[in-house]
Amino acid sequence: MTTFADLGLSPKVLSAVTDSGYTIPTPIQAGAIPPALARRDILGIAQTGTGKTASFVLPMLTLLEKGRARARMPRTLILEPTRELAAQVAENFEKYGKNHKLNVALLIGGVSFDEQDRKLERGADVLICTPGRLLDHCERGKLLMTGVEILVIDEADRMLDMGFIPDIERIAKLIPFTRQTLFFSATMPPEIQKLADRFLQNPERVEVSVRSSTATTVTQRLVATHSKDYEKRATLRDLIRAQEDLKNAIIFCNRKVDVADLFRSLDRHGFSVGALHGDMDQRSRTTMLANFKENKLTLLVASDVAARGLDIPDVSHVFNFDVPIHAEDYVHRIGRTGRAGRSGAAFTLVSKRDGKFVDAIEKLIDRKVEWLNGGLDALPPQAEGEEREQRSRSGRERGGRDRDRSRGRKGEARVTETRPAPGIETSETEEKVEAVKAERKTEGRPQTPARSNPRAANHAAPRPANDDNRDRRNRYRRDDDDGPTPLGFGDEIPAFMLIAGKA
DNA sequence: AAAAAAC
């Protein structure tokens with residue numbers, strides 16, 4: 001059997017791999033590392049979770065041992081579609097490059113240029129970038145791409161989805177033709193094949209069989225729910241509470257606003273929860289993800305920014321608060337659980353309007369997904385009159401709240417809006433809520449760098465010593481948030497009441 | 001019915 005020692009990696013790299021506890025390479029690693037070390041171009045067709053990252057990090061480390069970086073002339077360049085993936089690759093260089101003295105620069109948006117400039121000035125051996133920030137650096141004239149020996153294009157099909165291909169082509173034009181190119185994609189549609197033909201010279205094609213993302217280790221269920229947001233939130237809470245073996249979970253929403261709303265709701269209901277979407281400032285994104293990985297947060301509400309590629313081992317549950325519009329996103333989302341042969345559970349909330357998206361998913365994964373609770377026909381019917389009443393009432397309260405608080409004076413600390421969730425340190429919770437909510441407000445507007453952002457100061461603002469109005473306001477907000485609250489049950493309403501009460 | 005990525 002092939003071991004890492006058979007692949008031709010340098011002793012320094014091999015020792016770091018061994019220290020990490022690995023002896024047997026995955027198929028993509030065994031297939032890609034030897035030709036990469038021989039300076040061949042690689043066309044790698046592999047999903048995330050197949051060990052793809054190490055298949056280019058390890059040979060790059062070995063090849064980089066010869067030679068030295070010069071100021072502003074990076075030696076290698078890795079392109080990633082999201083900031084989190086870029087950061088994850090950088091972590092891999094830290095881990096496997098611990099015996100090297102390499103200068104690794106992470107060039108991503110949303111953070112200050114200063115530190116990135118310093119690293120470039122020192123001479124970077126490895127640049128790990130999202131396309132926009134790299135081009136920005138290039139345009140500022142701080143970067144000479146003529147010394148790049150190895151170019152890695154990761155997640156090419158996703159870059160295509162996201163409209164990054166023109167950027168990638170611009171970047172590739174700046175890099176000498178004599179470079180070595182490592183090109184990875186999970187799928188090979190014709191457009192990607194054309195791109196690969198343009199970028200690669202006589203590549204070694206390494207294809208690993210598609211990891212069956214809907215493997216039997218993941219239990220999948222559809223969960224019927226009414227379609228109003230507060231009804232879906234109630235269904236979700238009941239579902240979460242009903243899980244006996246929930247260690248941690250990612251909850252996916254289709255839209256960023258819904259990520260922010262659901263996060264606030266769960267936080268208010270006392271769940272240990274974080275949020276992750278692309279309009280949050282980078283500092284919050286990084287902290288949220290780190291806290292979730294370290295199990296300081298049990299739940300992570302996320303947009304599809306977290307659906308692909310993120311390596312979070314050991315997620316026990318995935319909940320789809322919304323049915324994904326594109327079926328392939330379903331596969332990526334539930335692929336966050338059941339990793340490395342572990343068991344996992346994936347629940348998808350389905351309301352009447354989601355029918356055709358569920359059909360598309362079942363067609364793609366070529367099987368029916370069972371209903372948890374008997375399907376949409378088994379849902380207790382809604383009482384029309386009550387629904388109308390509730391809608392108008394919550395509308396009034398929402399309006400009142402906006403006038404009272406959300407449009408507070410400029411610069412006024414808004415931290416008092418949040419009740420601390422049990423078991424979470426107060427300031428931390430408030431900071432999280434502020435971060436997720438503040439970013440919602442910036443939607444559609446140009447982003448302000450965190451440094452000069454007046455809102456950033458709010459994160460550190462102390463809570464006023466006594467805030468007598470808080471309780472009253474929370475009572476209103478609760479109704480507004482989750483529909484009518486039956487009187488007399490306090491905070492804990494039995495799940496069946498919330499459903500049966502509407503019948 | 002969306003998300004992501006530069007400022």
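Order of the sequence lines fixes the chain letters, A, B, ..., with proteins taken first and strands second; residue numbering starts at 1 for each chain. Below, all heavy atoms of this structure are taken into account, side chains as well, without hydrogens, waters or symmetry copies.
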Parallel, tilted or perpendicular: ring planes of A:F56 versus A:F184, cut at 30 and 60 degrees: tilted
Quick one: is the NZ or CZ of A:R140 closer than 6.0 Å to the six-membered ring centre of A:F113, and within 45° of its axis? yes
Value in whole Å for how far the C1' atom of B:dA3 lies from CG of A:L160: 15 Å
Find out whether A:D161 and A:R308 are in side-chain contact, i.e. whether some heavy atom of one side chain is under 4.5 Å from a heavy atom of the other. yes
Report the distance from atom CG of A:N254 to atom P of B:dA4, rounded to the nearest whole Å. 11 Å
Whole angstrom value for the distance that separates C1' of B:dA4 from CG of A:D154: 15 Å
With the side chain of A:D136 defined as its heavy atoms from C-beta on, choose the nearest nucleotide among B:dA4, B:dA1, B:dA6. B:dA6
From CG of A:L349 over to C1' of B:dA1, roughly how many Å is that when rounded to an integer? 16 Å
If you only use heavy atoms from C-beta on, which nucleotide in B:dA6, B:dA5, B:dA1 is closest to the side chain of A:D354? B:dA1
Between B:dA3 atom P and A:R83 atom CZ, what is the distance in whole Å? 15 Å
A:R353 near the nucleic acid: base, sugar-phosphate alone, or nothing, with a heavy-atom cut-off under 4.0 Å? base
Give a yes-or-no answer on whether the side chains of A:T219 and A:R221 include a donor-acceptor pair shorter than 3.5 Å. no
Any luck finding a side-chain donor-acceptor pair between A:N92 and A:Q88 under 3.5 Å? no
Listed nucleotide nearest any side-chain atom of A:I325, set B:dA6, B:dA1, B:dA3: B:dA1
So, is A:R255 close to the B:dA4 phosphate, meaning a side-chain N or O under 4.0 Å from OP1 or OP2? no
Rounded to whole Å, please give me the gap between OH in A:Y330 and C1' in B:dA2. 19 Å
Look at A:K256 and B:dA4 and indicate whether a side-chain polar atom (N or O) is within less than 4.0 Å of OP1 or OP2. yes
In terms of side-chain heavy atoms of A:E139, which of B:dA1, B:dA5, B:dA6 is nearest? B:dA6
With nearest nucleotides of DNA chain B determined for A:G109 and A:D329 from heavy-atom distances, which residue corresponds to the more 5′ nucleotide? A:D329
N/O donor-acceptor pair, side chain A:H277 with base B:dA4, under 3.5 angstrom: no
Measure the distance from NE2 on A:H326 to C1' on B:dA2 and round it to the nearest whole Å. 7 Å
Between A:R170 (CZ) and B:dA6 (C1'), how many Å, whole number? 11 Å
Is the distance from OP1 or OP2 of B:dA2 to the nearest side-chain N or O of A:S303 less than 4.0 Å? no
